[in-house]
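The next block holds one structure in the form of structure tokens; read it before the comments.
Scope of the values below: all heavy atoms of this structure, side chains included, with no hydrogens, waters or symmetry mates.
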Amino acid sequence: MNSKSILMPHSCQKIGWWLLLLTVLIVVAKIIVLYTTHSIDIDVVWYLAKSSHLILIASLFFITLSKERVEDEMISGLRLKALGLTCYVFFVVFLLLSLALEFHLLDLFMNDLSLYLSELFLIILPIASAGLYYLIFRVLLRQSKKEQAL
């Protein structure tokens with residue numbers, strides 16, 4: 001079966017790592033602006049935060065969805081396994097959060113934080129899902145390379 005891959009070329013993974021470095025530099029710039037200026041311009045800080053979030057999500061997109069140097073059927077199977085394990089983890093997390101919200105277990109924390117938590121989840125969920133997928137994929141890839149070396 002000759003199917004076309006939906007993954008990006010390996011060079012996009014390098015672009016993703018450079019974008020991740022750019023995100024770190026923007027966050028450092030935001031911290032410097034916050035702690036060195038006496039009159040904080042909220043607009044500048046807001047634009048730095050939003051741009052760093054968008055660039056971070058784009059960088060994780062490039063890193064996780066790019067081909068490896070050698071992309072074969074074994075690596076495709078490992079990708080599928082890592083994706084499945086990531087989905088299992090996040091379904092369990094969503095189930096636990098839903099149950100906690102349903103039974104009002106988070107009411108103690110939700111007084112003044114609901115707006116901040118909703119924005120935090122918009123930031124953390126893509127980062128955590130991409131990071132978990134990438135971590136699981138790398139662990140599976142390392143294990144398979146060790147098994148092949150034996």
In this structure, CD1 of Ile75 is separated from CG of Asp72 (nearest 0.5 Å) by 4.5 Å
I'd like to know if the side chain of Ser59 and the backbone of Leu19 have a donor-acceptor N/O pair within less than 3.5 Å. no
Do Ile15 and Leu25 belong together in a cluster built from hydrophobic side chains that touch within less than 4.5 Å? no
Please check if Val70 and Phe137 belong to a single hydrophobic cluster, counting links between Ile, Leu, Val, Met, Phe, Trp and Tyr side chain heavy atoms closer than 4.5 Å. no
Name all residues meeting the side chain to side chain donor-acceptor pair (under 3.5 Å) criterion together with Gln143; count only those two or more places apart in sequence or in a different chain, and write none if there are none. none
Flag side-chain contact, heavy atom, 4.5 Å: Gln13 against Met8: no
Write down the atom of Gln148, the atom of Met74, and the distance for their closest heavy-atom approach. NE2-SD, 3.1 Å
Donor-acceptor pair, distance only, cut-off 3.5 Å: does the side chain of Ser52 make one with the backbone of Ala49? yes
Clusters formed by hydrophobic residues whose side-chain heavy atoms approach within less than 4.5 Å: which one holds Leu83, and what are its other members? Tyr133
Can you tell if the side chain of Val89 reaches within under 4.5 Å of the side chain of Val92, non-hydrogen atoms only? no
If you round to the nearest 0.5 Å, how far is CD1 of Ile136 from CZ of Arg79? 13.5 Å
Give a yes or no on whether Phe61 atom CZ has more than 12 heavy-atom contacts from other residues, nucleotides or ligands under 6.0 Å away. no
Among the clusters formed by ILVMFWY side chains lying less than 4.5 Å apart, do Leu65 and Leu80 turn up in the same one? no
To the closest 0.5 Å, what do you measure between CG (Leu60) and CD1 (Ile55)? 12.0 Å
In short, Ile26 meets Ser51 closest at the heavy-atom pair CG2-OG, 4.0 Å
With a 4.5 Å heavy-atom cut-off, do Lys67 and Pro9 have their side chains touching? no
Are Ile127 and Leu20 connected in the hydrophobic side-chain network, where two residues link if heavy atoms are under 4.5 Å apart? yes
